[in-house]
Amino acid sequence: SQDGERLATYLKGPFNCAVQYGKLSRADLDRYAAHDLLVMMDVRGYIDGYNHGTPCLGKSQEESRAAFRRIVSEYGNHPALLGWYIVDEAPRKFHRKITEANRFLHEIDPNHPTYAVMDVPGVISSLLPGFDVIGVDPYPIGNFWRKAEDVSICSRHPERARKGTLGMRPMWNVPQAFNWEWYRNHNANEARTRMPSFAEMANMNWQSVAAGANGLVLYSFEPLCKHLEGAEFDRAWGDVCRAAEEVNRLASRCTTIVFALRNTLGANHHVLGGTLWREGLSRRINGGVWRHGDRRVCAGVRAVHGRRQLS
């Protein structure tokens, strides 16, 4: 089947989990477990009154809690379950309902984390009681709503998310691996939309890691399958996998981030909480130092176009 072929393709990549939108069956989870693949299950629609990007299945608190009890009873002990996907770019008006749902989920299932993805890092602090793991999803490449492809947003958003959580939440960020044309209406700006190159995806991944991410959830495999075919798909999917594998090679050897270095050329530097950084966001180089046994591994990533020097 098409689903079987897509899963086989996905399993050839370097990924160990997936975020599954919409409903999953036990057969789906069994199939993932057979391949040691973990899944974040989408439960946004079970939140009382939540209808942002997903059908609302819990129209009252009573219905919502009954739905959460059912899904936890059915899937809560499944070996493929990594956690619950509870937020996807939710506006402020849903934050109270999300927080209530998160608390209830932890009452009935204290063993799995809840995962929230936000596109506006400035509101994350107000949602802090509503999730266990945070992710931000800046998508700059070919985004014609912006005046320019400002790739430094892939550093700024994670940094603001880390500050919004006071550094007290894991951060599994969502780098761009899609073409904006697939989501925008055709117009005069269409020519600017494109699939990010391998170098751009690798850069966005490393910016996120340097800014403090300890997990990456690239978005997204399903649109690649839907919009690309043949050699075009193979090339794009190959670039996505190579960019992710670069991070895997370092992450599999290095366990502790010693500090993150944010270096803006020509700016004043400060020390804050043991982290060296420099004021200003233009012409910036981000980097980090990781512990590998008794050695240190240093990596630097350019957060803007053009050549920069890290020293």
Side-chain angles (χ1 to χ4, degrees), residues 1-44 53-54 75 78-85 88-89 115 117 133 135 137-143 154 172-184 193-209 213-253:
S1 69
Q2 185 182 58
D3 287 345
E5 292 174 0
R6 289 183 177 182
L7 178 60
T9 300
Y10 189 81
L11 290 169
K12 293 177 182 177
F15 307 102
N16 61 6
C17 70
V19 176
Q20 181 70 52
Y21 291 88
K23 290 185 178 181
L24 283 175
S25 67
R26 177 162 287 275
D28 292 328
L29 289 180
D30 290 344
R31 188 165 64 248
Y32 295 148
H35 297 286
D36 296 322
L37 187 67
L38 296 171
V39 181
M40 299 292 294
M41 290 193 68
D42 183 359
V43 294
R44 296 170 296 153
T54 186
Y75 301 116
H78 199 286
L81 179 64
L82 175 60
W84 309 108
Y85 187 43
D88 184 33
E89 301 181 351
Y115 180 41
V117 175
V133 182
D137 57 356
Y139 302 140
I141 303 302
N143 189 350
C154 298
W172 301 348
N173 287 337
V174 188
Q176 180 181 355
F178 68 90
N179 183 342
W180 268 115
E181 181 183 358
W182 304 338
Y183 299 93
R184 302 295 197 209
T193 64
R194 58 188 174 85
M195 182 72 189
S197 67
F198 160 73
E200 288 167 332
M201 286 188 283
N203 177 277
M204 290 186 285
N205 291 349
W206 281 115
Q207 282 196 62
S208 198
V209 171
N214 44 21
L216 297 179
V217 183
L218 279 70
Y219 184 86
S220 170
F221 178 66
E222 188 67 24
L224 287 174
C225 295
K226 179 180 179 180
H227 295 281
L228 302 179
E229 297 179 344
E232 193 176 16
F233 172 85
D234 291 341
R235 182 173 58 254
W237 178 238
D239 286 345
V240 171
C241 291
R242 281 198 300 143
E245 183 56 37
E246 273 197 354
V247 177
N248 270 355
R249 285 199 299 270
L250 178 61
S252 64
R253 296 192 295 268

Are [X] and [Y] packed together at the side-chain level, in the sense that at least one heavy-atom pair is separated by less than 4.5 angstrom?
X: Y75; Y: L29; result: yes
X: Q176; Y: N143; result: no
X: F178; Y: T193; result: no
X: H227; Y: M195; result: no
X: P175; Y: M201; result: no
X: E245; Y: N248; result: yes

Checking Q20 now: which residues fulfil side chain to side chain donor-acceptor pair (under 3.5 Å) with it, not counting sequence neighbours?
Y32
Can you name the side chain to side chain donor-acceptor pair (under 3.5 Å) partners of H35, sequence neighbours left out?
none
Evaluate the criterion side-chain contact (heavy atoms from CB on, under 4.5 Å) for residue pair V117 and Y115; output intermediate values, then yes/no.
CA-CA 7 Å; V117 175; Y115 180 41; 3.6 Å; yes
Of the non-hydrogen atoms in [X] and [Y], which two are nearest, and what is the gap between them?
X: L224; Y: W182; answer: CD2-CH2, 3.6 Å
X: Q207; Y: C154; answer: OE1-C, 3.7 Å
X: A177; Y: V240; answer: CB-CG2, 3.9 Å

Would you give the length of the straight line joining atom [atom1] of [X] to atom [atom2] of [Y], rounded to the nearest 0.5 angstrom?
X: R44; Y: Y21; atom1: CZ; atom2: OH; result: 6.5 Å
X: E89; Y: D137; atom1: CD; atom2: CG; result: 4.5 Å
X: D30; Y: L24; atom1: CG; atom2: CG; result: 11.0 Å
X: D42; Y: Y85; atom1: CG; atom2: OH; result: 7.5 Å
X: D234; Y: E229; atom1: CG; atom2: CD; result: 11.0 Å
X: N214; Y: N173; atom1: CG; atom2: CG; result: 9.0 Å

Do any side-chain atoms of residues 8-19 form donor-acceptor pairs under 3.5 angstrom with protein atoms, and if so which ones, sequence neighbours left out?
unit_1, atom_1, unit_2, atom_2, d
T9, OG1, E5, O, 3.1
Y10, OH, C17, O, 2.6

For residues 14-28, the salt bridge (Lys or Arg N to Asp or Glu O under 4.0 Å) pairs (sequence neighbours left out) are D28-R31
Summary of salt bridge (Lys or Arg N to Asp or Glu O under 4.0 Å) pairs that have at least one residue in residues 213-222, sequence neighbours excluded
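Found R6-E222.
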Residues two or more places apart in sequence or in another chain: which of them pass salt bridge (charged side-chain N to carboxylate O under 4.0 Å, His left out) with R242?
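Applying salt bridge (charged side-chain N to carboxylate O under 4.0 Å, His left out) to R242 gives D239.
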